[in-house]
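Take a look at the structure set out below.
Note that the numbering runs from 1 along the sequence shown for the chain. Only a predicted model underlies this, so the values are computations on that prediction, with no experimental measurement involved.
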Amino acid sequence: MGCSSSKKKLTKADLAFLEENTEFTREQITEWYEGFILDCPTGELTKKKFIQVYRQFFPNGQAEAFCTHIFRTFDADNSGKIDFKEFLMAINITGKLLFDIFRIFYLNEYQNYLAKGNPEKKLKWAFKMYDIDSNGSVDRQEMLRIIESIYDLLGAGVVKNASNGAVAGRDPNDTPESRTAQIFAIMDEDNNGVITEEEFIRGCMADRVLYQMLTADTSDPER
């Protein structure tokens, strides 16, 4: 199952934190915790189990790379495990993320959805995912790796052209490389080949489509 035993209780501090920082109610958080602790009695979830959970959303896609990036973002101490608080934060952000990624990258739909929370907070989280080596900036290779993992995740019904990576039935120029080039053309303000957190946030806040593309959030960041 990816977990071991010795039951833990959800602390009042963690419950309060999750109420404040997720869209879940107190009752929903408690329900999530009960299910989590049944599967992971130690209160910790391994990366392997985390990937198994997310693979259910996209059974025909390749979930491992994308989920590894998500897991890394929440596994702050690099222990290879995340606790319930980190897990529910990931679910809160990426549960909607997975659905919206499908709509944005596959169906190309940009309808508005109501989203709770400060968009800058979500952008700071998103930047951490793109900043693979945690050096405070994102280079082209890091951006490309994340975008490629999103295309891989959408393997269900998305057929790539073997020669150029384009997706069948869509613009042949719509590849991870072309998206990366588009992002850098807008965000890399000083043309130094890397995007800082400040450039990332400014670029997303100024460009609604870019915000949606990089966070998979179809709400308007200015609302």
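- The salt bridge (charged side-chain N to carboxylate O under 4.0 Å, His left out) test applied to Arg145 returns no partner, not counting sequence neighbours.
- Residue Glu197 places its CD atom among more than 12 non-hydrogen atoms of other residues, nucleotides or ligands, all under 6.0 Å distant.
- Taking the six-membered ring for Trp and thresholds of 30 and 60 degrees, Phe200 and Phe127 have ring planes more than 60 degrees apart, a perpendicular arrangement.
- Partners of Asn135 according to the side-chain contact (heavy atoms from CB on, under 4.5 Å) rule, which considers only residues two or more places apart in sequence or in another chain, are Asp131, Asp133, Ser137.
- Of all heavy-atom pairs spanning Phe184 and Val138, the tightest one is CZ-O, 3.6 Å.
- The heavy-atom pair separating Leu18 from Phe84 by the smallest distance is CD1-CE2, 3.6 Å.
- Across all non-hydrogen atoms, the minimal contact from Lys124 to Ile201 is CG-CD1, 3.9 Å.
- Considering every non-hydrogen atom in both Met187 and Glu199, the closest pair reads O-CB, 3.5 Å.
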Let me see the working for Gln28 and Glu23 under side-chain contact (heavy atoms from CB on, under 4.5 Å), right down to the final yes or no.
CA-CA 9 Å; Gln28 289 171 326; Glu23 299 181 39; over 6 Å; no

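- Val194 and Ile183 fall into different hydrophobic clusters, where Ile, Leu, Val, Met, Phe, Trp and Tyr side chains are chained together by heavy-atom contacts under 4.5 Å.
- Under the 4.5 Å side-chain heavy-atom criterion for ILVMFWY residues, no single connected hydrophobic cluster contains both Leu88 and Ile51.
- Cluster membership for Phe66 and Leu144, using ILVMFWY side-chain heavy atoms within less than 4.5 angstrom, is not shared.
- The side chain to side chain donor-acceptor pair (under 3.5 Å) check on Glu31 picks up nothing, with sequence neighbours excluded.
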Under the salt bridge (charged side-chain N to carboxylate O under 4.0 Å, His left out) rule, what do Asp188 and Arg140 come out as? Steps first, then yes or no, please.
CA-CA 10 Å; Asp188 186 11; Arg140 284 178 181 268; 5.7 Å; no

